[in-house]
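First the structure, in the form of structure tokens, and then the observations on it.
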Number of protein chains: 2
Amino acid sequence: MRLEDEIKQESFRNEFHKLAVNLIYTHSWLVSKIQAILSEFDITPQQFNILRILRGQHPSPASITLLKERMLDKMSDASRLVDRLIQKGLVERKVCTSDRRKVDVIITDKGLKLLEEIDKTNEETDSYLKNLTLNEAKKLNELLDKLRG
Amino acid sequence: MRLEDEIKQESFRNEFHKLAVNLIYTHSWLVSKIQAILSEFDITPQQFNILRILRGQHPSPASITLLKERMLDKMSDASRLVDRLIQKGLVERKVCTSDRRKVDVIITDKGLKLLEEIDKTNEETDSYLKNLTLNEAKKLNELLDKLRG
DNA sequence: GTTCAATATATGTTATAACATTTAATGTTG
DNA sequence: CAACATTAAATGTTATAACATATATTGAAC
């Protein structure tokens, strides 16, 4: 569906301006889809992302800095995110024995099991994007990579 | 630059999954650029968007509902956004005489002037996106529209 | 005209991003 | 070894999205 119709704006200054608005709008569209799926598991998209990063590291722990590097936002609130995951019993935090400034963050078995359950929704998540063919998805990825320079 | 290199992840489940992550990452990249520019005017991207919508309506007022429809996020905090713009003297809020449930939100002269100043940064804003050719930008817009269905 | 449903918006709440600051620990230099 | 610089993460703060709720007003039905 055309952006102009969806936000009821007749025109843009130019194609680049339209692109900026389109990215912002489409991001919001996508994230709300993902959020709807994840809310059934009582988890937010950002918390989910942390769990996946930790699973990728498992059984090694991850530091807060490593989590930040792997996350999609430039300066995320990783420490507080981890706090909330600890409350949910999905991760544990330990003092790092080799460097007392660091903490070791580890995913729990409960966290791993939750990810397994969520993995079962992969088909549904992908389906939202399958308005595009595989080649179109590839093209879109290439263009996004090029856009960032 | 390739997404895999930027977030230090070697692979994705499939192209569609990569696309989801790429959209989230690119959005964050873009918004931080826009934010840097707007912060010099002491305004957030969302506040800026409200001002632009109100300028488009000027001299007619806009209701909160209209603002919400025109905004890029599904369920934005329009009322509180307007509060903060009022504090900055950039908009005014009046009771709507024809329907006391509604309020009329109007941009002030100060708000209009600020937008004129910000308009001078358009070239800079566009320049971030000019890693793409015009045709590539068009293609990207088409694909994003198609993606949402 | 009265009753009830729908509507508009303000407000409450949680989670998050972003930026700043604080505090303690580690690394570097002399 | 001491002094200072750097680092890691926790914490403070503001703004926002999203969802829920509250309250007052308007519209619809009878």
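Computed from a predicted model, the values in this text were never measured in an experiment. A, B, ... follow the sequence lines: proteins, then strands. Residue 1 opens every chain.
Atoms CG (Asp77(B)) and C1' (dT14(C)) sit 12 Å apart, rounded to a whole Å. Following rounding to the nearest Å, Arg80(B) (CZ) and dT14(D) (C1') show an atom-to-atom distance of 13 Å. Residue Gln87(B) contributes atom CD, which lies 15 Å from atom C1' of dT16(D) at whole-angstrom precision. If you measure from atom CG of Leu38(B) to atom C1' of dT14(D), you get 16 Å, rounded to the nearest angstrom. In this structure, Leu81(A) places its CG atom 13 Å from C1' of dA18(C), rounding to the nearest Å. Distance, Leu90(B) CG to dA15(D) P: 13 Å, rounded to whole Å. Distance CD (Gln35(A)) to P (dT14(C)): 16 Å, rounded to an integer number of Å.
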Where protein sits on nucleotides 4-9 of chain D, one letter per nucleotide: B base, S sugar-phosphate only, - none, heavy atoms under 4.0 Å:
--BBSS
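Formation of a donor-acceptor pair under 3.5 Å by the Thr108(A) side chain with backbone atoms of Leu90(A) is found in this model. Checking side-chain atoms of Ser28(A) against main-chain N and O of Tyr25(A) turns up no donor-acceptor pair under 3.5 Å. Formation of a donor-acceptor pair under 3.5 Å by the Lys68(B) side chain with backbone atoms of Ser63(B) is not found in this model. Judged purely by atom type and a 3.5 angstrom limit, Thr121(A) has no side-chain atom pairing as donor or acceptor with the backbone of Glu124(A). Checked by atom type and distance alone, the side chain of Glu117(A) never pairs as donor or acceptor with a backbone atom of Leu114(A) at under 3.5 Å.
Using a 4.0 Å cut-off between a side-chain N of Lys or Arg and a carboxylate O of Asp or Glu, Asp83(B) and Arg80(B) do not qualify as a salt bridge. Taking 4.0 Å as the cut-off between side-chain N and carboxylate O, Lys94(A) and Glu92(A) count as a salt-bridged pair. Salt bridge Arg55(A)/Asp119(A): present, at least one basic N to carboxylate O contact under 4.0 Å.
Using a 4.0 Å cut-off on heavy atoms, none of the residues of residues 19-31 of chain B approach DNA chain D. Within residues 42-51 of chain B, no residue approaches DNA chain C, by heavy-atom distance under 4.0 Å.
The aromatic rings of His27(A) and His27(B) sit parallel to each other, their planes meeting at less than 30°, with 60° as the upper class boundary.
For the 3.5 Å distance criterion, the side chains of Arg13(B) and Asn122(A) qualify, holding a donor opposite an acceptor.
Distance CG/Leu143(A) to CG/Asn131(B): 11.5 Å, rounded to 0.5 Å.
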